[in-house]
Chemist: 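Submitted below is the structure of interest, expressed as structure tokens.
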Amino acid sequence: MHSRPSQTRLLPLQSRISLLLLAMLSTMAAIYVAGRMWQDAEARVHLIQELDKKNSQVHTAISVDDTLKIIACREQQKKLSAVETELAAARKEGFVPKSLVENEKANYSRKRILAVIGIFTTFGRKKNREAIRMAWMPTGAAMKKVADEKGIVVRFVIGRSPNRGDSLDKQIDSESRQTKDFIVLDGQLEASEEASKKMKSFVTHAVESWDAEFYVKVNDDVFVNIDVLGATLTTYLNKPRVYIGCMKSGEVFSEPTHKWYEPDWWKFGDAKSYPTHASGEIYAISRALAQFVSINRSILRTYAHDDVSAGSWFIGLDVEHINERKFCCSALVPGAICTAV
């Protein structure tokens with residue numbers, strides 16, 4: 001009868017123990033969960049830091065690449081500046097680019113001569129050529145002797161027939177094989193309206209074929225005293241950019257029916273007067289000017305007359321125009337170089 005009250009008192013004690021254990025377990029679970037969450041947070045922070053590092057490395061790589069590009073651009077700019085400086089110096093010395101200088105160095109094994117004379121002729125003028133050969137142009141062995149001893153090369157200059165390979169071309173080819181005194185400009189049309197372009201073609205061919213101090217253009221109705229010409233040219237050897245001839249000007253004719261009609265007459269102003277230029281009978285240009293024409297031939301403007309065209313090419317350049325009266329073939333000048341026939 002006395003044992004039942006004691007069992008009733010034990011129940012609250014067991015309940016308190018269970019509650020205590022449950023509280024301890026809850027606390028431990030909370031600590032575990034908090035610990036895991038803290039570890040996860042640390043992992044996330046570490047992961048974010050690693051990603052930031054990688055991103056920083058990527059940005060750094062791009063920055064270095066950009067820097068290298070900038071450096072490369074600066075190097076190219078330096079090279080461009082050097083080329084521009086070199087080109088400016090070449091122009092100052094005689095309008096000669098480095099590529100042409102290198103080509104010249106390859107050809108400098110031969111001696112530089114005094115002059116190359118191009119006698120401009122055309123089809124149907126064989127009698128004029130024969131007269132020139134008899135009067136003043138060296139032929140055969142004498143041609144080589146004059147070139148070797150006096151440094152003067154003389155050649156007839158002619159283009160090709162509009163009907164390429166016809167009887168006109170064949171006659172010139174046959175005459176050239178016999179006399180060996182022609183420059184036949186294969187790429188140049190032989191026609192009166194092509195005279196200015198023919199001059200450019202001649203200069204280009206002559207510069208590529210001979211290293212000379214002067215390049216001379218002569219008509220095939222002019223007789224030349226080679227000795228006087230050579231002596232006169234020698235006096236201008238100290239002038240690198242000279243244009244020598246019987247200087248003149250003249251009226252520009254705008255009427256299409258006129259013999260000397262100039263299609264571009266309007267370009268010469270209200271006065272309708274050509275700028276100063278050498279007479280087309282004979283004139284000489286120095287080596288630097290010949291190289292200038294050869295290099296820039298594709299952009300040099302041509303007019304109806306070759307003498308006007310040649311004079312226009314040197315306007316605006318640092319060129320000395322020499323009005324040499326000995327080059328005036330129609331005038332009675334003591335010691336004249338030429339005579340028009």
Chemist: If we ignore hydrogens and angles and just use 3.5 Å, is the side chain of Asn225 paired with the main-chain N or O of Asp227 as donor and acceptor?
Modeler: yes

Chemist: Taking the side chain as every heavy atom from C-beta outward, state whether Tyr236 and Ile244 have any pair of such atoms under 4.5 Å apart.
Modeler: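 Heavy-atom side-chain distance check passes, below 4.5 Å.
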
Chemist: Within a 6.0 Å radius of atom NZ on Lys200, are there more than 12 heavy atoms belonging to other residues, nucleotides or ligands?
Modeler: yes

Chemist: Can you tell me if the gamma sulfurs of Cys246 and Cys329 sit closer than 2.5 Å?
Modeler: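 No - the two cysteines, Cys329 and Cys246, have SG atoms at least 2.5 Å from each other.
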
Chemist: Consider only side-chain heavy atoms of I, L, V, M, F, W and Y, link residues closer than 4.5 Å, and tell whether Leu237 and Leu229 are in one cluster.
Modeler: yes

Chemist: Are Ile172 and Leu168 packed together at the side-chain level, in the sense that at least one heavy-atom pair is separated by less than 4.5 angstrom?
Modeler: no

Chemist: Hey, are the side chains of Glu190 and Phe123 touching, using non-hydrogen atoms and a 4.5 Å cut-off?
Modeler: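 SC-SC contact between Glu190 and Phe123 confirmed.
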
Chemist: Go through Thr121 and Arg129 one step at a time and tell me if the side chain to side chain donor-acceptor pair (under 3.5 Å) criterion holds.
Modeler: CA-CA 8 Å; Thr121 189; Arg129 294 191 290 271; 2.9 Å; yes

Chemist: Please assess Ile282 against Ile337 for the test side chain to side chain contact (heavy atoms under 4.5 Å, CB included), listing each intermediate value before the final yes or no.
Modeler: CA-CA 9 Å; Ile282 179 173; Ile337 288 173; 4.2 Å; yes

Chemist: Answer whether the closest heavy-atom distance between the side chains of Met199 and Trp313 falls below 4.5 Å.
Modeler: yes

Chemist: Can you see which heavy atom on Thr204 is nearest to which on Arg297, and at what distance?
Modeler: OG1-CD, 3.1 Å

Chemist: Hey, mind stepping through Ile113 and Trp210 against side chain to side chain contact (heavy atoms under 4.5 Å, CB included) and telling me if it holds?
Modeler: CA-CA 8 Å; Ile113 61 177; Trp210 294 280; 4.1 Å; yes

Chemist: Which atoms form the tightest heavy-atom contact between Met137 and Val154, and what is the distance?
Modeler: CE-O, 3.6 Å

Chemist: Picking from Lys150, Lys145, Lys144, what satisfies side-chain hydrogen bond (donor to acceptor under 3.5 Å, both in side chains) with Asp148?
Modeler: Lys144

Chemist: Tyr274 and Glu262: side chain to side chain donor-acceptor pair (under 3.5 Å), yes or no, with the steps?
Modeler: CA-CA 10 Å; Tyr274 286 120; Glu262 173 59 70; 3.1 Å; yes

Chemist: Kindly indicate whether the side chain of Tyr283, heavy atoms from C-beta on, has any atom under 4.5 Å from the side chain of Val216.
Modeler: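 No. Closest side-chain heavy atoms not under 4.5 Å.
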
Chemist: So do the side chains of Lys198 and Asp306 get within less than 4.5 Å of each other, counting heavy atoms only?
Modeler: no

Chemist: Would you check if the side chain of His305 reaches a backbone N or O of Tyr303 as a donor-acceptor pair within less than 3.5 Å?
Modeler: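 Flag not set: sc His305 to bb Tyr303 has no pair under 3.5 Å.
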
Chemist: Given the rule in the side chain to side chain donor-acceptor pair (under 3.5 Å) test, do Ser196 and Ser309 qualify, once you have shown the distances and angles that lead to the verdict?
Modeler: CA-CA 6 Å; Ser196 297; Ser309 296; 2.8 Å; yes

Chemist: Using the six-membered ring of Phe202, assess whether NZ or CZ of Lys217 lies under 6.0 Å from its centre and within 45 degrees of the ring axis.
Modeler: no

